[in-house]
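Have a look at the structure below, then the notes.
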Number of protein chains: 2
Amino acid sequence: MRLNDLDERIVHALAEDARRSYADIGNLVGLSAPAVKRRVDRLRAEGAITGFTVRVDPAALGWRTEGFVEMYCRSNTSPDDIRRGLSRYPEVASASTVTGDADAVIQVFAADMRHFEQVLERIAGEPFVERTRSVLVLSPLLRRYSGGPPV
Amino acid sequence: MRLNDLDERIVHALAEDARRSYADIGNLVGLSAPAVKRRVDRLRAEGAITGFTVRVDPAALGWRTEGFVEMYCRSNTSPDDIRRGLSRYPEVASASTVTGDADAVIQVFAADMRHFEQVLERIAGEPFVERTRSVLVLSPLLRRYSGGPPV
DNA sequence: GTTGAAATTGGGGCACG
DNA sequence: CGTGCCCCAATTTCAAC
């Protein structure tokens, strides 16, 4: 799966505004609208583009507390155990296994501190979890690329 | 800025697929296409919806190394100093001031380990940075809501 | 104030060169 | 890949609740 310069500029244009018209993008990158659509279709088929979504203000939707939770798991826990266990929590936005002391770090959104604490307790009670360590977000300084890679 | 149930369902529909037509969304939530568009316009004007973007596969775009960096800053550093300093790095996807020992944690994307190390060294060389501690992502288990809050 | 229906504008999508 | 065409969706207008 190799993207050339044209593909990257198309993805960049879509990252700025996913509802931009193919003709608009075509003007930016120097292609006709159908040519852009064909490339976008190909990028989707290849899996480079996985979908289109909306960027929201967390607070406006009632998510006013955010934090990172480092998870220390039992020694025989597989990454897939963690993924399956956490996928039942809508408050968990992302989870990754990591290097270092902790086994995984997860990003948690909650309505308020009380909600955050409840989620934390439920997660800490999962059979594969030994202990957790959480840091709360004081202020989100930068939120670029909607949490993904630079595009 | 208050969202009612209809607004939330519209945002949810857009989160699943931002290119869905207003008529489609209208069928889901029980409104006509113009009614949906008016609400989306209002949500954008109010700032609840901040934009529309594309979901991409990091690896497909050449970002194969990801990590979190905890930053320990000089005592007289303001959050805005950190934000300004980090905004010059395209590799920094997000940054937040946090509770705990570290002053901020940032999410970094790099092409490979060598690139990650370079970025880390440059950031560590910033005048407001005292030291850093980074954890590398081994495998991304969950990437929901494109890095934002649950919608 | 918010809705739905009708009318207009403009973009998506396909065939073809 | 671009052009031309058709159709559907987006957008505006307007009347009604």
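Quick note on labels: first sequence line is chain A, next is B, and so on, each numbered from 1. Treat the numbers as computed from the prediction; the structure is a model and nothing was measured.
- Other residues sharing the hydrophobic cluster of B/Y72, ordered by chain and number and joined by side-chain separations under 4.5 Å: none, the residue standing alone.
- Partners of B/R74 under the salt bridge (Lys or Arg N to Asp or Glu O under 4.0 Å) rule, at least two apart in sequence or in another chain, are B/E130.
- Going from atom NZ of A/K37 over to atom P of D/dG2 covers 15 Å, rounded to whole Å.
- Residues meeting the salt bridge (Lys or Arg N to Asp or Glu O under 4.0 Å) test with A/R44, sequence neighbours left out: none.
- For B/D112, there are no salt bridge (Lys or Arg N to Asp or Glu O under 4.0 Å) partners, not counting sequence neighbours.
- Apart from B/L138 itself, the hydrophobic cluster it occupies contains nothing, where clustering links Ile, Leu, Val, Met, Phe, Trp and Tyr at side-chain heavy-atom distances under 4.5 Å.
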Polar atoms only, N or O, under 3.5 Å: list the protein pairs with nucleotides 3-7 of chain C and their distances.
unit_1 : atom_1 : unit_2 : atom_2 : d
C/dT3  : OP1    : B/R39  : NE     : 3.0
C/dT3  : OP1    : B/R39  : NH2    : 2.9
C/dG4  : OP2    : B/S32  : N      : 3.0
C/dG4  : OP2    : B/S32  : OG     : 2.8
C/dG4  : N7     : B/R38  : NH2    : 3.2
C/dG4  : O6     : B/R38  : NH1    : 3.4

Grab the N/O contacts between the protein and nucleotides 15-17 of chain D below 3.5 Å, and write none if there aren't any.
none

Result block: side-chain N/O donor-acceptor pairs under 3.5 angstrom for residues 20-36 of chain B, not counting sequence neighbours:
unit_1 : atom_1 : unit_2 : atom_2 : d
B/R20  : NH1    : B/A13  : O      : 3.3
B/R20  : NH1    : B/E16  : OE1    : 3.3
B/S21  : OG     : B/D24  : N      : 3.1

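- Sorted by residue number, the members of residues 12-24 of chain A with any non-hydrogen atom under 4.0 Å from DNA chain D read A/R19.
- End-to-end axis angle of the helix from C/dG1-D/dC17 to C/dG17-D/dC1, using five pairs per end and rounding to 10°, comes to 30°.
- With sequence neighbours excluded, no residue forms a salt bridge (Lys or Arg N to Asp or Glu O under 4.0 Å) with B/E8.
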Tell me which donor-acceptor pairs under 3.5 Å the side chains of residues 101-110 of chain B have, and how far apart each pair is, sequence neighbours excluded?
unit_1 : atom_1 : unit_2 : atom_2 : d
B/D103 : OD2    : B/C73  : N      : 2.6
B/Q107 : OE1    : B/S94  : OG     : 3.2
B/Q107 : NE2    : B/E66  : OE2    : 3.2

